[in-house]
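Let me begin by presenting the structure, written as structure tokens, before commenting on it.
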There are 2 protein chains.
Amino acid sequence: MATYAVSNAQKLAPADNTFCDLPPAVADAVEQLALTTTYPTGVVLFAEGQAPRGVFIVRRGRVKLSICGSDGRTLILRLVEAGCPLGVAAVVSGRQYEATAETQEPSEISFLRHSDLLRLMRLHGELALWVTQHISQDYASTCREIRDLILSDSASEKLARLLVGWLDQNTKSKNPSQVKLALTHEEIGQMIGSSRETVSRLFAGFKKQRLIQQSGSTLVIPNRVALESLITA
Amino acid sequence: MATYAVSNAQKLAPADNTFCDLPPAVADAVEQLALTTTYPTGVVLFAEGQAPRGVFIVRRGRVKLSICGSDGRTLILRLVEAGCPLGVAAVVSGRQYEATAETQEPSEISFLRHSDLLRLMRLHGELALWVTQHISQDYASTCREIRDLILSDSASEKLARLLVGWLDQNTKSKNPSQVKLALTHEEIGQMIGSSRETVSRLFAGFKKQRLIQQSGSTLVIPNRVALESLITA
DNA sequence: AGCGATGTGTGATCTCCATCACCAGTCTGC
DNA sequence: GCAGACTGGTGATGGAGATCACACATCGCT
């Protein structure tokens, strides 16, 4: 239950910015108007450039938020997990969606119409604040993303940062040095702005340097510090 | 902190352009609590990573908003002109400033303390909305920035995009195909994520191709379409 | 004048990574 | 079982641009 901003070291997991930290009355009001649906993998909730119809709130599952360049290449901005809203900035600003949202696994997602959100925000100051804070977080994580992707030359640095970031999400899990690898090399490349082949080679190199071990879809990072030492490079 | 009286910019002093979209009562309330100062060039209003003290609102002049990579390289996110607030996202989210703000020319800037902003936002829903919309815009522009910088390979494409963007800001001016060049090559490089030398070479190339002409600090773009044709490339 | 500081122009290298190419697993559905 | 799609490994090649290294303008300054 965290928005995680891709490829940066200090990943701020927004404390409890779920739906549930809203006053019950407000949460109920939202619940009344929201339409909750279960989607399979690969459904596009909204696409970059579309006029905003409303906001989506991830209840379960995971959504990939990406932008697309003129040449067709894709960059994954971040993976959005349960508890986080999607498309809020577009709705409040009235501009087009800034990115494309696509389910990355079967997901349960609530939808709240444009007009309903704005009306509720006007009624409930807490909701307006909640919205504003989420947008601020998205803004901050996007700024970090920019810094990490543009201001660090080497692809290995970016990959190391991504892995360390994944580790940070696991601190409370039973095995904090393991990461379940839910992305293909292609997608990882899209997260760090590199090609599939480069990711493959980097992983090979990391393994050779004993920075990571892989068994099936589980990555083990035995020495986090060593990985971090690649980052400041 | 010294206050300067500078003869530079009284030509365009849009007295209250700033809060024009706020109801007068709200604008007055802000005005009451804001502290307006004139700064010389090169003053850092706030730095990336600092705890937010409050928001700054540019009344006159121009402010450079940048982030800094671990290796010391700098990326200029955008230049903020009169009428725009700075640091709002950090204040409402309570996190650190996401970027560094530095005056790029002598500027008149209002400051509103953290607590005052939040109090006023609670009092005046319109202000809260204004704030939220500005953050949304910043978010959108940062997303565009990411796309333009990461998903377009060539540096020439990025430079062309930057120049076309500058042209767009001039549509209402008397000479819409001219741009006053207020940045050094180094700074332009920091806007498009390239080195100073590359910018210099690109300009030379553009001149050779008759895409731009330069006389002093004025750039003339005789054929905007030709420049745009570099972009989709 | 003469001096630094700062911005610019341009050659010569050098490096990282995108890209092309091809092969080998693995998983699907039929 | 097999065909086809998707994924992952890895070599070879090329190119865009960072970087280094100069030279040359401007400035403002004392």
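In what follows, every chain begins at residue 1, and chains take the letters A, B, ... in the order their sequences are listed.
- Residue A/Ser195 places its side chain closer to C/dA18 than to any other of C/dA18, C/dC17, C/dT10.
- For the pair B/Lys207 NZ and C/dG9 P, the interatomic distance rounds to 5 Å; values are reported in whole Å.
- Minimum atom distance to the side chain of A/Thr184 is reached by D/dT7, of the listed D/dG17, D/dT7, D/dG9.
- In this structure, A/Ser200 reaches the D/dG9 phosphate: one of its side-chain N or O atoms is under 4.0 Å from OP1 or OP2.
- Closest to the side chain of B/His185, from the set D/dC20, D/dG8, C/dG9, is C/dG9.
- Judged purely by distance below 3.5 Å, without hydrogens or angles, the side chains of A/Lys207 and A/Gln213 never pair a donor atom with an acceptor atom.
- The side-chain contact (heavy atoms from CB on, under 4.5 Å) test with B/Leu211 singles out one residue from B/Leu230, B/Ile221, B/Asn223, and that residue is B/Leu230.
- D/dA5 atom P lies 17 Å from atom CZ of A/Arg196, rounded to whole Å.
- When rounded to the nearest whole Å, the span between CG of A/Leu183 and C1' of D/dG8 equals 15 Å.
- Residue A/Gly193 is in sugar-phosphate contact alone, with no base atom involved, counting any heavy-atom pair closer than 4.0 Å across all strands shown.
- Spacing between atom CD of B/Gln190 and atom P of D/dA18 amounts to 13 Å, rounded to whole angstrom units.
- Note on B/Glu108 versus B/Arg60: salt bridge recorded, some NZ/NE/NH1/NH2 to OD/OE distance being below 4.0 Å.
- Each ring-ring contact (aromatic ring centres under 6.0 Å, His included) pair with one or both residues in residues 159-186 of chain B, not counting sequence neighbours, appears once here: B/His185-B/Phe203.
- The distance between atom CG of A/Leu230 and atom P of C/dC16, rounded to the nearest whole Å, is 14 Å.
- A donor-acceptor pair under 3.5 Å is absent between the side-chain atoms of A/Thr103 and the main chain of A/Pro106, judged by distance alone.
- With C/dG9, D/dC20, D/dG11 as the candidates, the nucleotide lying closest to the side chain of B/Arg201 is D/dC20.
- Listed nucleotides D/dG8, C/dA18, C/dG9 differ in distance to A/Ser194; the shortest reach to its side chain belongs to C/dA18.
- B/Leu202 has its CG atom 7 Å from the P atom of D/dG17, to the nearest Å.
- For A/Glu197, whose side chain is taken as the heavy atoms from C-beta onward, the closest listed nucleotide among C/dT8, C/dT19, D/dG8 is C/dT19.
- Separating the CZ atom of B/Arg73 from the C1' atom of D/dT19 is a distance of 11 Å, rounded to the nearest angstrom.
- The side chain of B/Ala204 has C/dT10 as its nearest neighbour among C/dT10, D/dT7, C/dC17.
- C/dC16 atom P lies 16 Å from atom CG of A/Leu159, rounded to whole Å.
- A close approach under 4.0 Å does not occur between any side-chain nitrogen or oxygen of A/Thr198 and OP1 or OP2 of C/dC17.
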